[in-house]
Student: 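Below is one structure. I have some questions about it.
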There are 2 protein chains.
Amino acid sequence: MNKGDLVELVAADLGGPRSHAEKAVRAVLDAVLEGVERDGSVTLAGFGTFERKHREARPGRNPRTGEALVIPASSTVAFRPAAALKRIDAPSESMVAVAATD
Amino acid sequence: MNKGDLVELVAADLGGPRSHAEKAVRAVLDAVLEGVERDGSVTLAGFGTFERKHREARPGRNPRTGEALVIPASSTVAFRPAAALKRIDAPSESMVAVAATD
DNA sequence: GTTCGACCAGATCACCCTTGTTCATGCAGC
DNA sequence: GCTGCATGAACAAGGGTGATCTGGTCGAAC
């Protein structure tokens, strides 16, 4: 799913025109990045937490040549999903039971 | 930073009332979850990709008791940030140069 | 007021991360 | 609406890193 489809979903939710939903999507994404840049972390209850993580330099390897190299330290944005959207998958053996229950 | 602050940023961006921005934030977050559920992944160019990742069951351990246990298979939502928001930190040796340049 | 998130402990395994290319697609501008 | 540009995905291999378990409480957020 790409941004266009997401905009359609947002438009369906907000009920307004797609152009408005598109602006809303951009505004939210930009605000998240802004918040991460400013505060270092953005916590959205029930959704997850975006946080800027500093990664130490560490030894890496060029997968093409196999040559060892040093991956420089970098800052990236990590996302920790809220517990609400972690779903425990039923074990394979229970799938039959689930199917029977369902 | 919490959801309220994010809403304020979005409101400042959209220019509308905060109540409207709050609805927009909820709509976007909900749409992302909806998209992940539907399609398995949501790609936002310049921001990142949300994708549902299936994690196999694996042996774990209760950190309190040290007792071994099996972590059941689960599905979670992972976020891969776009290359644009990965920032390479200057090496320590360059910090002096940066300081000198700055 | 209620619920949700963070924290911490220790051990372990999955996965992320590098390079570099190309192609295709998505996005945005005209 | 079309085109152009930019960005994402995939692959290959290996090692380091972090995510993960529980759980109770406190504080903040909703």
Side-chain angles (χ1 to χ4, degrees), chain A residues 1-8 18-19 21-23 25-26 29-30 35 39-89 91, chain B residues 1-8 18-19 21-23 25-26 29-30 35 39-89 91:
Chain A
M1 169 169 290
N2 51 28
K3 188 181 287 185
D5 299 324
L6 186 79
V7 167
E8 284 196 25
R18 235 179 72 176
S19 59
E22 187 176 339
K23 288 203 305 179
V25 170
R26 288 194 185 187
L29 296 183
D30 194 54
D39 207 60
S41 69
V42 176
T43 301
L44 288 326
F47 184 79
T49 301
F50 293 91
E51 58 181 345
R52 185 173 47 180
K53 300 209 74 169
H54 176 72
R55 316 204 52 154
E56 299 291 338
R58 59 191 175 95
R61 188 176 291 265
N62 188 334
R64 292 193 69 190
T65 64
E67 180 184 7
L69 55 90
V70 175
I71 302 175
S74 63
S75 295
T76 186
V77 176
F79 172 71
R80 296 177 51 191
L85 48 107
K86 295 181 192 173
R87 191 169 52 193
I88 303 299
D89 293 349
Chain B
M1 170 170 288
N2 52 28
K3 188 181 287 185
D5 299 324
L6 185 80
V7 167
E8 284 196 25
R18 236 179 70 176
S19 59
E22 187 176 339
K23 288 204 303 180
V25 170
R26 288 193 185 188
L29 296 184
D30 194 53
D39 207 60
S41 68
V42 176
T43 301
L44 290 325
F47 185 79
T49 302
F50 293 91
E51 58 182 345
R52 186 174 47 180
K53 301 212 71 171
H54 176 73
R55 316 206 52 157
E56 298 292 337
R58 61 189 182 95
R61 188 175 292 264
N62 189 332
R64 295 192 67 190
T65 64
E67 180 184 8
L69 55 90
V70 176
I71 301 175
S74 62
S75 295
T76 186
V77 176
F79 172 70
R80 296 178 49 193
L85 49 105
K86 295 180 191 173
R87 191 168 52 193
I88 303 298
D89 292 349

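Note on naming: letters A, B, ... go to the chains in the order of the sequence lines (proteins, then strands), and numbering restarts at 1 for each one.
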Student: Return the minimal non-hydrogen interatomic distance between A:E51 and A:S41, and the atom names on each side.
Tutor: CB-CB, 3.8 Å
Student: Please state how far atom CZ in B:F47 lies from atom P in D:dG8, giving the value in whole angstrom units.
Tutor: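 Nearest whole value for this atom pair: 12 Å.
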Student: DNA chain D: A:P63 or A:P81, which has the more 5' nearest nucleotide?
Tutor: A:P63
Student: Rounding to a whole Å, what distance do you find between A:F79:CZ and C:dC16:P?
Tutor: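 Result: 15 Å.
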Student: Looking at every heavy atom in both B:G35 and A:M1, which two are closest together, and how far apart are they?
Tutor: CA-SD, 3.4 Å
Student: Just checking B:G46: base, sugar-phosphate only, or nothing, at a heavy-atom cut-off of under 4.0 Å?
Tutor: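 Sugar-phosphate: the residue B:G46, judged by heavy atoms under 4.0 Å, touches backbone atoms but no base.
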Student: Using OP1 and OP2 only, check whether a side-chain N or O of A:K53 sits under 4.0 Å from D:dA19.
Tutor: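 True: A:K53 side-chain N/O within range (under 4.0 Å) of D:dA19 OP1/OP2.
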Student: Between the protein and nucleotides 11-14 of chain C, are there any N/O to N/O pairs under 3.5 Å, and if so, what are the atom names and distances?
Tutor:
none

Student: Calculate the interatomic distance between B:K23 atom NZ and D:dC30 atom P; express it in whole Å.
Tutor: 18 Å
Student: Identify the heavy atoms of B:A73 and B:H54 that sit nearest to each other, and give their distance.
Tutor: CB-CE1, 4.0 Å
Student: Reckon B:T49 touches a base, only the sugar-phosphate, or nothing at all at heavy-atom distances under 4.0 Å?
Tutor: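 Sugar-phosphate contact only - B:T49 comes under 4.0 Å of backbone atoms but never of a base.
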Student: Given atom CG of A:L69 and atom P of D:dA13, what is their separation to the nearest angstrom?
Tutor: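 Checked: the CG to P distance equals 16 Å.
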Student: If you look at every heavy atom in B:V25 and B:V7, which pair is closest and at what distance?
Tutor: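 Shortest heavy-atom separation between B:V25 and B:V7 comes out as CG2-CG2, 4.1 Å.
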Student: Rounded to whole Å, please give me the gap between CE in B:M1 and P in D:dC30.
Tutor: 12 Å
Student: Check every strand shown and say whether A:A82 touches a base, only sugar-phosphate, or nothing at a heavy-atom separation below 4.0 Å.
Tutor: sugar-phosphate
Student: Relative to each other, are the rings of B:F50 and B:F79 parallel, tilted or perpendicular (30° and 60° limits)?
Tutor: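 Answer is tilted, since the angle falls between 30° and 60°.
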Student: Given C:dC7, D:dA9, D:dT22, which nucleotide is nearest the side-chain atoms of A:R80?
Tutor: C:dC7
Student: What is the per-nucleotide protein-contact pattern of nucleotides 20-30 of chain C, from the 5' end, where B denotes a base atom under 4.0 Å from a protein heavy atom, S denotes such proximity for sugar-phosphate atoms only, and - denotes neither?
Tutor: S-----SSS--
Student: Taking atom CZ of B:R52 as the centre, report whether more than 12 heavy atoms of other residues, nucleotides or ligands fall under 6.0 Å from it.
Tutor: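 Above 12, so yes.
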Student: Could you state the CD-P distance from A:E51 to D:dG18, rounded to the nearest angstrom?
Tutor: 11 Å
Student: Is there a donor-acceptor pair closer than 3.5 Å between any side-chain N or O of B:R80 and the backbone N or O of B:G48?
Tutor: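 No, because the side chain of B:R80 does not come within donor-acceptor range (under 3.5 Å) of the backbone of B:G48.
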Student: Please list, chain by chain and in numerical order, all residues satisfying salt bridge (charged side-chain N to carboxylate O under 4.0 Å, His left out) with A:R18, sequence neighbours excluded.
Tutor: A:E8
Student: Does a sphere of radius 6.0 Å around NZ in A:K23 hold more than 12 heavy atoms from other residues, nucleotides or ligands, not counting ones at 6.0 Å or beyond?
Tutor: no
Student: Please tell me which of the listed nucleotides, C:dT18, D:dT22, C:dG5, lies nearest to the side chain of A:I71?
Tutor: C:dT18
